[in-house]
Amino acid sequence: MPYSIGYTGRMNYLESLNEMQKEAVLHTEGPLLVVAGAGTGKTKTLTHRIIHLIKKGTDPRSILAITFTNKAAKEMRERVIAMLGTDDHIPTMSTFHSLGVRILRDHHTKIGVNKYFNILDSQDKGTLIKQAMRIQDINPKEWEPRKIASTISRAKSNEETAETYTANKNPLTSIVKIVWPEYERLKREEQSLDFDDLLSETYFLLKKHPEILAQYQSRWQYVHVDEYQDTNTIQYKLVRLLVDQHKNICAVGDGDQNIYSWRGADMKNILNFEKDFPGAKVVLLETNYRSTQIILEAAHEIIKKNNERIDKKLVTDNQEGKEIALYEAFSAHQEASWIATQVKKYIDEGTEPKDIAVLFRTNFQSRILEEAFLRKALPYQVVGVKFFSRKEVKDVMSYLKAAFNNDSLSDVKRIINEPKRGLGKVAVAKIFAGRISDLPKKQLESYQKFSELLDDIYQFALTHTPSDTIRHIVKATGLEKKLGEGTDEDKERLENMKELVTYATKYDDLENAYDIFFEEVALLSDQDSLGSNRKDSNTVKLMTIHSSKGLEFKYVFVSGLEQGLFPSQRDDALTKHEQEEERRLCYVAFTRAKEMLHLSYAKLRTIYGQERINVPSEFVRDLSSHLVVEAGENYDDDEGAVETFYLDF
DNA sequence: GGGTAGTATATTTTT
DNA sequence: TATACTACCC
Ligand SMILES: Nc1ncnc2c1ncn2[C@@H]1O[C@H](COP(=O)(O)OP(=O)(O)OP(=O)(O)O)[C@@H](O)[C@H]1O
């Protein structure tokens, strides 16, 4: 056994699996689909299957596992390493996007970008779209750049390109047809790719170059895809290409947890699996190991109302459990206070903060919850606070990226006048038009100094670690001095830059530290960002339901269960399909809970400074009364009362 | 070129 | 409410 590890050949890692799970694990050759409801051990089965392949003697490097988030990939990696007891020669475990980056970096010449191509975040993307619109004389006021961006994005994940895209009756599509090619041109000029390119360019690369495809096909003999129900067309096609020769694909998913159709995820992929891969073995898992009977019954009452689904059985040997607590708050403020009070009670009773999560439909809801947690001095972490999209952090990253890649215009533009160097709009335009000699003497000097600074950073980086270099940037640019002498806000910005130094130390000992650092920062989902690798990760997690996918917590609070907020509705009435997706989202939310679920809603909520009166969510009304108990009837929110009092004047 | 005050406009959800 | 953008002045 070339890769046998530690203990004997006895297959003790199989002992923790049930019969159906074992069947899936032992079926190693040919297509395999595991479809099952929440908490039935799909991810666990997938992880064990990887271990099994390795223990059988498969070269770990020939195994590929694709997960939905970087965090999920990281967790799987850790679990596999722990079970194997070694971390050399481990399988490739990553998201579709980081897989794309790796493949594209290896073959960057084929797609005409340099090795350090930049990955645009949604902000940069918006800027570029607006720029393209201006060039094409389209008014960004008249046509929303965001809508154009998301149309392009959807089209790309549907295998379309700027050339193949055709406009339809919707006037927006004609605008897209004009803007898209310009956007592509600008993007290329900047040596950048957007998120969707990471998938589509990879797909087109492999399709166009059979010799490159063959190389990856033979490298990865066993391919695994988690959360298969949320794959989009291009991801699906990419998978088909990769497994085309050996058909060793193991897909795992749950149609009821398809919650990303708004960005192209297509449930058809999982429904058609047996057609796509003839002879596929299908394993159904029916035993839930996560939640109490009451929680599962509630989740089923929600999901059974959907029509676009196949009814699944879900049973558990777990206890019946406590009834679901339902709290009707007068205001959003009071709702947050109540949640914080319950959380505090749990922590005081000895519950670990990290075993508790508060979920919500939209990001802005986190704010008021956060305030309540601060008042009660509870340890919490908002998953999804985008540390890396803060201006000051992006600025420092841009210095570093520009030092490595002088062509990265978006980075250079960001920092050429930050801190102020007397190079404004006009001067910058001259510089990028190549008319440097037209600059007045003072600005020319300023520009030369800036170039030298980038060069100095690059030279420094060659002999120092990422964290040292970032520290150097903060100093050498003068940002440290400027911000250190500034307002409290400036000082906080400086703190964030230092936080970035701390974060970067993670990469200091790696080979190709800078490559990996750039890639990871660009692809970081808000799942990980900061904290997850710090000592203070034992905190209550506040996050959207979308980001809670795949996770589990002992105690879960689902807040803001108000008609219009969850299910979410903006201008037009929801289509049938959208209604069902909201329902699936609710199913995901409920099934995160292991022991106890808490639901709450506020009759009054302020959105954009406008007070709104709410009706309880239909999801609350769907639950049978024997599952639910009204909570907090005597709950007295003193802080809230004070505020209400003053509000009257 | 740089700063500021006034306005308009948005929040689903994310890799 | 909070940010993004613009117009205008120094
Ligand atoms: N055979 C088993 N015996 C005991 N516990 C199990 C078994 N299988 C899974 N579990 C436990 O059940 C929980 C859910 O497992 P897992 O996260 O793999 O489920 P999942 O199907 O991927 O869930 P989801 O669809 O919500 O992502 C985990 O805590 C896991 O350890």
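Since the structure is predicted, the reported quantities are computational estimates derived from the model, not experimental observations. A note on names: the letters A, B, ... follow the listed sequences, proteins ahead of strands, and every chain is numbered from 1.
Nearer to the 5' terminus of DNA chain B, by closest-nucleotide assignment, is the contact made by A:Glu582 (compared with the other of A:Phe96 and A:Glu582). Of the two residues contacting DNA chain B, namely A:Phe195 and A:Val428, the nearest-nucleotide position lying further toward the 5' end is that of A:Val428.
Contact check, A:Asn232 against B:dT15: no side-chain N or O comes under 4.0 Å of OP1 or OP2. Applying the 4.0 Å criterion to OP1 and OP2 of B:dG1, one finds that A:Arg421 has every side-chain N and O outside that range. Checking the phosphate oxygens (OP1, OP2) of B:dT14, a side-chain nitrogen or oxygen of A:Ser547 falls inside 4.0 Å. For A:Thr544, a side-chain nitrogen or oxygen approaches OP1 or OP2 of B:dT14 to under 4.0 Å. Phosphate contact (OP1/OP2 of C:dC5, side-chain N/O of A:Lys130, threshold under 4.0 Å): present.
Rounding to the nearest 0.5 Å places CG of A:Asp395 at 10.0 Å from CG of A:Asp411.
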Could you list all N or O pairs between the protein and nucleotides 6-10 of chain C that sit under 3.5 Å apart?
none

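Electrostatic pairing of A:Glu308 and A:Arg583 does not count as a salt bridge here, judged by no charged N lying under 4.0 Å from a carboxylate O. A salt bridge does not link A:Glu618 with A:Arg621: every distance from a Lys NZ or Arg NE/NH1/NH2 to an Asp or Glu carboxylate oxygen is 4.0 Å or more.
Evaluation of A:Tyr260 against the base of B:dT14 yields no stacking contact (centre distance < 5.5 Å, interplanar angle < 30° required).
Separation of the P atoms belonging to B:dT13 and C:dA4 is 16 Å when rounded to the nearest angstrom.
Checked against the 6.0 Å centroid threshold, A:Phe590 and A:Phe619 do not count as a close aromatic pair.
Using a 4.0 Å heavy-atom criterion, one finds that A:Asn417 contacts the sugar-phosphate atoms exclusively.
The side-chain heavy atoms of A:Lys449 and A:Arg421, taken from C-beta on, include no pair separated by under 4.5 Å.
Nearest heavy atom pair, residue A:Gly255 against residue A:Met267, reads O-SD, 3.5 Å.
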